[in-house]
S.K.: 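Pasting a structure here, questions to come.
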Amino acid sequence: MNIELILFGAFALLTLLSAGTVIFARSPINSAMALVSTFFFLAGLYVLLWAHTVAILQVMVYAGAIMVLFLFVIMLLNLGESPTRGKPTLARIVGGAATVGLLVVLGIVLLKLPGGAPPTMSAAAQASFGTMATLGQTIFTQWLLPFEAVSLLLLVAMVGAVVVAKSRI
Amino acid sequence: MVPIPYYLLLAAALFCMGMFGVMVRRNALVVFMCVELMLNAANLTFLAFARMHGDVIGHVSAFFVIAVAASEAAIGLAIVIAVFRSRGSVLVEDLRTMKH
């Protein structure tokens with residue numbers, strides 16, 4: 001059996017398990033910790049897809065910065081466990097059923113995709129695929145304007161977060 | 001070599017789990033976490049297609065998705081704090097001012 005397939009199976013199983021924990025955990029802290037482990041296992045999957053740079057960003061930005069923000073807010077609000085399970089209202093039942101239906105439809109569509117292993121690349125292309133240098137070159141030549149727009153977006157989000165969360169300015 | 005449809009199926013399952021959480025959970029913070037799950041499923045799809053085509057554009061898209069997720073988390077959590085301050089609750093069922 002192929003080692004890559006074994007790694008994929010392990011990471012996929014662990015990702016789905018911790019994603020399930022995110023959804024069904026009683027306390028928000030447990031959800032957040034499960035989300036951190038989900039991000040780590042997803043980073044492993046990204047490495048299997050030769051996306052090393054994105055895997056590093058995943059661990060640093062998602063599992064690091066964003067989850068620290070989440071944990072900080074949870075602890076700031078001092079939320080305990082949710083006292084009761086929510087009642088299964090009509091909207092929630094319909095929403096859950098729609099989700100299962102979407103999963104079935106997506107699965108049927110994806111199984112119709114042409115299967116098989118991904119195409120092999122030349123050794124030179126393989127060595128440079130997904131590295132920081134290649135990604136930076138692409139961003140700063142073809143995608144410079146979107147990159148600058150994203151930096152502006154982050155600035156606006158930062159200012160907006162301060163304005164919204166601060167009680168008196 | 002792992003076939004690309006396996007990755008896409010995993011991403012679809014992850015997306016549907018995130019969507020299920022958004023539909024069912026009451027705590028606004030957990031709803032935000034489920035949105036992050038959905039964004040990660042989109043990232044996994046981008047990277048799988050990038051690997052399939054040998055093109056690095058998918059990685060650039062994933063980079064932008066991560067940046068947008070960061071700003072979404074900042075704004076969303078600020079709104080949750082503001083709402084908690086004025087209403088004393090983060091349960092989405094309690095926030096029905098705009099419903100009536």
Side-chain angles (χ1 to χ4, degrees), chain A residues 4-5 8 12 15-16 19-20 22-23 28 31-32 35 42 45-46 48-51 53-54 57 61-62 66 69 73-74 77 79 82 86 92 95-96 99 102-103 106-107 110-111 113 115-119 121 125 129-130 134-135 138-139 143 146 150 153-154 157-158 160-161 164-165 167, chain B residues 1-10 12-21 23-27 29-30 32-34 36-37 40 43-44 47-48 50-52 54 56-60 62-64 66-75 77-82 84-85 90-91 93:
Chain A
E4 199 181 334
L5 208 57
F8 171 80
T15 304
L16 290 179
V22 172
I23 299 174
S31 284
L35 194 57
L42 274 170
L45 284 170
Y46 294 170
L48 284 182
L49 282 168
W50 297 355
T53 311
V54 183
L57 280 177
V61 178
Y62 258 126
I66 295 183
L69 192 63
V73 170
I74 292 171
L77 299 186
L79 299 172
S82 42
R92 297 169 86 191
T99 312
L102 178 69
L103 180 61
L106 277 178
L110 292 177
L111 285 177
L113 275 182
M121 297 183 206
F129 185 73
T134 318
L135 196 60
T138 313
I139 286 177
W143 294 83
V150 158
L153 174 77
L154 281 170
M158 207 161 61
V164 170
S167 54
Chain B
M1 292 298 228
V2 183
I4 293 296
Y6 288 11
Y7 286 102
L8 298 179
L9 272 176
L10 174 64
L14 202 61
F15 185 90
C16 288
M17 288 177 86
M19 189 173 147
F20 184 78
M23 296 277 187
V24 168
R25 287 304 300 250
R26 312 160 70 205
N27 193 324
L29 288 163
V30 181
F32 271 120
M33 289 182 210
C34 292
E36 303 288 334
L37 277 184
N40 267 281
N43 266 350
L44 189 59
L47 295 176
R51 174 76 180 84
M52 184 173 164
V56 83
I57 296 293
H59 296 200
V60 179
F63 171 79
F64 287 140
I66 289 178
V68 169
S71 30
E72 175 256 328
I75 292 288
L77 292 175
I79 290 175
V80 167
I81 289 178
F84 184 77
R85 194 175 279 151
V90 292
L91 301 184
E93 288 158 1

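When reading the values below, keep in mind they use all heavy atoms of this one structure, side chains included, and skip hydrogens, waters and symmetry mates. Numbered from 1 within each chain, the chains take letters A, B, ... in sequence-line order.
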S.K.: Given that the side chain runs from C-beta out, which part of B/Phe84 has a heavy atom under 4.5 Å from chain A: side chain, backbone, both or neither?
M.R.: side chain
S.K.: Can you tell me how far CD1 of B/Ile75 sits from CE of A/Met158, rounded to the nearest 0.5 angstrom?
M.R.: 11.0 Å
S.K.: So, for B/Ala13 and A/Leu16, which heavy atoms are closest and what is the spacing to 0.1 Å?
M.R.: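 Looking at all heavy atoms of both residues, the closest pair is CB-CD2, 4.1 Å.
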S.K.: Do you know which two heavy atoms are closest between B/Ala73 and B/Glu36, and how far apart they sit?
M.R.: CB-OE2, 3.9 Å
S.K.: Between A/Ile66 and chain B, with a heavy-atom cut-off of 4.5 Å, which part of the residue counts as in contact: side chain, backbone, both or neither?
M.R.: side chain
S.K.: If I measure from the heavy atoms of chain A, does B/Val56 come under 4.5 Å with its side chain, its backbone, both, or neither?
M.R.: both
S.K.: Let me confirm one number: the CG-CG distance from A/Leu103 to B/Leu9, rounded to the nearest 0.5 Å.
M.R.: 8.5 Å
S.K.: Does any backbone or side-chain atom of B/Phe15 lie under 4.5 Å from a heavy atom of chain A? Answer side chain, backbone, both or neither.
M.R.: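 For B/Phe15, the side chain is the part near chain A, not the backbone.
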S.K.: What distance separates B/Leu10 CG from A/Leu45 CG, expressed to the nearest 0.5 Å?
M.R.: 6.0 Å
S.K.: Sort A/Leu110 into side chain, backbone, both or neither according to what part of it lies under 4.5 angstrom from a heavy atom of chain B.
M.R.: both
S.K.: Out of A/Ile139, A/Leu135, A/Leu57, which one pairs with B/His59 under the side-chain contact (heavy atoms from CB on, under 4.5 Å) rule?
M.R.: A/Leu135
S.K.: So which part of A/Leu35 gets closer than 4.5 Å to some heavy atom of chain B, the side chain, the backbone, both or neither?
M.R.: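 The side chain, not the backbone.
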S.K.: Picking from B/Tyr6, B/Tyr7, B/Phe63, B/Phe32, which has the most non-hydrogen pairs under 4.5 angstrom with chain A?
M.R.: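 The answer is B/Tyr7.
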S.K.: When you measure from the side chain of A/Thr53 to the backbone N and O of A/Gly130, does any donor-acceptor pair fall under 3.5 Å?
M.R.: yes
S.K.: Using heavy-atom distances under 4.5 Å, tell me whether A/Ser31 contacts chain B through its side chain, its backbone, both, or neither.
M.R.: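 Backbone plus side chain of A/Ser31, per the 4.5 Å heavy-atom cut-off to chain B.
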S.K.: Measuring from A/Phe8:CZ to A/Leu48:CG, what's the distance to the nearest 0.5 Å?
M.R.: 8.5 Å
S.K.: For each of B/Leu29, B/Asn43, B/Val68, B/Val24, tally heavy-atom pairs with chain A at distances under 4.5 Å, and name the one with the top tally.
M.R.: B/Val24
S.K.: Heavy atoms only, distances under 4.5 angstrom: which of A/Val61, A/Thr134, A/Leu69 has the most pairs with chain B? Name it, please.
M.R.: A/Leu69
S.K.: Under 4.5 Å, counting heavy-atom pairs only, tell me which of B/Cys34, B/Ala70, B/Gly58, B/Ala62 racks up the most with chain A.
M.R.: B/Ala70
S.K.: For the interface with chain A, which of B/Gly18, B/Ala82, B/Ala12 has the highest count of heavy-atom pairs at distances below 4.5 Å?
M.R.: B/Ala12
S.K.: Sort B/Ala67 into side chain, backbone, both or neither according to what part of it lies under 4.5 angstrom from a heavy atom of chain A.
M.R.: both
S.K.: Among B/Met52, B/Met23, B/Met33, which has the most heavy-atom pairs under 4.5 Å with chain A?
M.R.: B/Met33
S.K.: Would you call the rings of B/Phe64 and A/Trp143 parallel, tilted or perpendicular, taking 30° and 60° as the class edges?
M.R.: tilted
